[in-house]
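Computed from heavy atoms alone, side chains included, the values below leave out hydrogens, waters and symmetry copies. The shown structure was predicted, so the numbers you read here are calculated from the model rather than taken from an experiment.
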Amino acid sequence: YQRRVRGCCDMQTLSAAEARLYDRQLRLWGVAAQQRLRHSKVLVYGLTAVQSEICKNIVLAGIQSLTVGDDNICNIDDLSANLFLDSSSIGKNRAESSIDKIRQLNPHVNVSLLSTPLSSTDFSSFNLCCFSGITTTQAISINQLVRKANSHTIIVDTYGLFGYFFEDLLDVFTYEICLPISTQHHSTTKTITRDTDTDITTTTVTGTASEATEEPLKEYTTTVEFSRALASMINHNSNPVFVALKALNLFETKHQRSPQPLASSDLAEMIDIKNTLLSPLMKGARRRSVVHKATDSFMSTFVTSIGASLNPVCATLGGITSQEIVKILCKNERPMVNFVFFSGLDDDRPAMNANIF
């Protein structure tokens, strides 16, 4: 079937160069969605390897502006999977070292450095804020600040073969879905209302049946803040990465730092925390229960992978997270809300697993 082309058919708001550059995207999600994307401002904080993938994808997609920030200095470990860092970046701020290469991706996107400390940043000036390379305790406090500013939050991180991203879309998120249309010989124009204060006019669609006169369906999805999602109960169907993340949060809350990958005492404590979390499920656990997946060996692999970045994992998780950012900014598809987990160790279930609360 054909996909409805939504948005104003007047291309004057897009330059001829932009129309050529974004031609495939315009055919995929329509002019109106591209215009929403074109007026979106995004903050990316923490230029980790997975964030470099996200920066590349959303700048190429054609957002209005990208602001990047990072407090960390580039070291040799950052060169393994980061798209924008090289040997000349060692000893320099990761964001400052990346910005010129990010700008080269798309001259139509304004790319700038975050000029204020994160604690005093005005998050309300961004449509979406994406964070990486922060502890779970920092994620909780930052998410609350972004929520108060009425902006959307994404938190993403990888740990070797593992990773996750989290979306907080402010309790209730409204989006539209595309309706299939068949081919007959007449055309129509329709005005719809997406939000209470915004009118959007659809393109005149030539050669479509009467279904084209139907309004796109407006649907809703609910999200919660990071602290509430992280506090959710573990059940037999939970992803083992969720168990590891909860254990990581308890460790970081207690010690105000992340576990050291090669510290045997930190590993032993993480395993103890994990066993405590799983103890209510031990009795009568099924073979496929998380109890038999979040083993001591699994936890050992997770802890020793903290701080490690692998190209395939960063590319996969970064690509999917970028797709989610585009959906959120365009508001034309259902997002994968709250937690989505990735495990490269799973052999009997999909690597990607969403926990929607």
In terms of hydrophobic clusters joined by side-chain contacts under 4.5 Å, are Leu113 and Ile58 together?
-> yes

Hey, any chance Leu345 and Met270 share a hydrophobic cluster, counting ILVMFWY side chains that come within less than 4.5 Å of each other, even indirectly?
-> yes

Side-chain contact, heavy-atom cut-off 4.5 Å: [X] with [Y]?
{"X": "Val340", "Y": "Ile320", "result": "no"}
{"X": "Thr48", "Y": "Asn82", "result": "no"}
{"X": "Ile325", "Y": "Ser40", "result": "no"}
{"X": "Ile273", "Y": "Phe251", "result": "yes"}
{"X": "Ile99", "Y": "Val111", "result": "yes"}
{"X": "Phe165", "Y": "Cys130", "result": "no"}
{"X": "Asn311", "Y": "Val313", "result": "no"}
{"X": "Ile234", "Y": "Leu278", "result": "yes"}

Using the ring of each side chain (for Trp, its six-membered ring), is [X] parallel, tilted or perpendicular to [Y], with breaks at 30° and 60°?
{"X": "Phe341", "Y": "Phe339", "result": "parallel"}
{"X": "Phe302", "Y": "Tyr159", "result": "tilted"}
{"X": "Tyr45", "Y": "Phe131", "result": "tilted"}
{"X": "Phe226", "Y": "Phe166", "result": "perpendicular"}

Grab the two heavy atoms, one from [X] and one from [Y], that are nearest each other, plus how far apart they are.
{"X": "Gly69", "Y": "Leu47", "value": "O-CD2, 3.8 Å"}
{"X": "Cys314", "Y": "Thr158", "value": "SG-OG1, 3.9 Å"}
{"X": "Asp266", "Y": "Arg257", "value": "OD2-NH1, 2.9 Å"}
{"X": "Cys74", "Y": "Leu79", "value": "SG-CD2, 4.0 Å"}
{"X": "Ser300", "Y": "Leu267", "value": "CA-CD1, 3.5 Å"}
{"X": "Met282", "Y": "Val291", "value": "SD-CG1, 3.5 Å"}

For the side chain of [X] and the backbone of [Y], is there at least one donor-acceptor N/O pair under 3.5 Å apart?
{"X": "Thr223", "Y": "Asp168", "result": "no"}
{"X": "Ser132", "Y": "Val156", "result": "yes"}
{"X": "Thr121", "Y": "Phe123", "result": "no"}
{"X": "Ser52", "Y": "Leu83", "result": "yes"}
{"X": "Asn93", "Y": "Asp70", "result": "yes"}
{"X": "Arg36", "Y": "Leu329", "result": "no"}
{"X": "Gln51", "Y": "Val44", "result": "no"}
{"X": "Glu167", "Y": "Pro335", "result": "no"}
{"X": "Ser97", "Y": "Arg94", "result": "no"}
{"X": "Thr295", "Y": "Phe298", "result": "yes"}

Within 6.0 Å of NZ in Lys41, more than 12 heavy atoms from elsewhere = no

How far does [atom1] of [X] sit from [atom2] of [Y], to the nearest 0.5 angstrom?
{"X": "Thr321", "Y": "Ile154", "atom1": "OG1", "atom2": "CD1", "value": "6.5 Å"}
{"X": "Gln138", "Y": "Leu118", "atom1": "CD", "atom2": "CG", "value": "9.0 Å"}
{"X": "Glu324", "Y": "Glu333", "atom1": "CD", "atom2": "CD", "value": "10.0 Å"}

Verdict with supporting geometry, Val109 and Arg38, side chain to side chain contact (heavy atoms under 4.5 Å, CB included) = CA-CA 9 Å; Val109 177; Arg38 188 175 178 270; over 6 Å; no

Can Leu66 and Ile102 be said to form a side chain to side chain contact (heavy atoms under 4.5 Å, CB included), step by step?
-> CA-CA 9 Å; Leu66 173 70; Ile102 298 174; 3.9 Å; yes

Tell me every residue that passes side chain to side chain donor-acceptor pair (under 3.5 Å) with [X], counting only those two or more places apart in sequence or in another chain.
{"X": "Thr153", "answer": "Asn143"}
{"X": "Thr137", "answer": "Thr135"}
{"X": "Lys254", "answer": "Glu269"}

Compute the ring centroids of Phe162 and Phe342, then answer whether they are less than 6.0 Å apart.
-> no

Tell me whether the centres of the aromatic rings in Phe173 and His152 are closer together than 6.0 Å.
-> yes

Charged N-O contact under 4.0 Å between [X] and [Y]:
{"X": "Asp171", "Y": "Arg147", "answer": "yes"}
{"X": "Lys92", "Y": "Asp78", "answer": "no"}
{"X": "Glu225", "Y": "Arg228", "answer": "no"}
{"X": "Asp296", "Y": "Lys274", "answer": "yes"}

Will you find, in the side chains of Ser258 and Glu252, an N or O donor that is under 3.5 Å from an N or O acceptor?
-> yes

Verify side chain to side chain contact (heavy atoms under 4.5 Å, CB included) between Val337 and Thr222, making sure each step is shown before the conclusion.
-> CA-CA 8 Å; Val337 296; Thr222 58; over 6 Å; no

Show your reasoning for whether side chain to side chain donor-acceptor pair (under 3.5 Å) applies to Ser65 and Asn110.
-> CA-CA 4 Å; Ser65 67; Asn110 179 27; 5.3 Å; no

How far apart are the C-alpha atoms of Asn75 and Ile90, what are their side-chain angles, what is the distance that settles it, and do they pass the side chain to side chain contact (heavy atoms under 4.5 Å, CB included) test?
-> CA-CA 5 Å; Asn75 59 51; Ile90 295 177; 5.6 Å; no

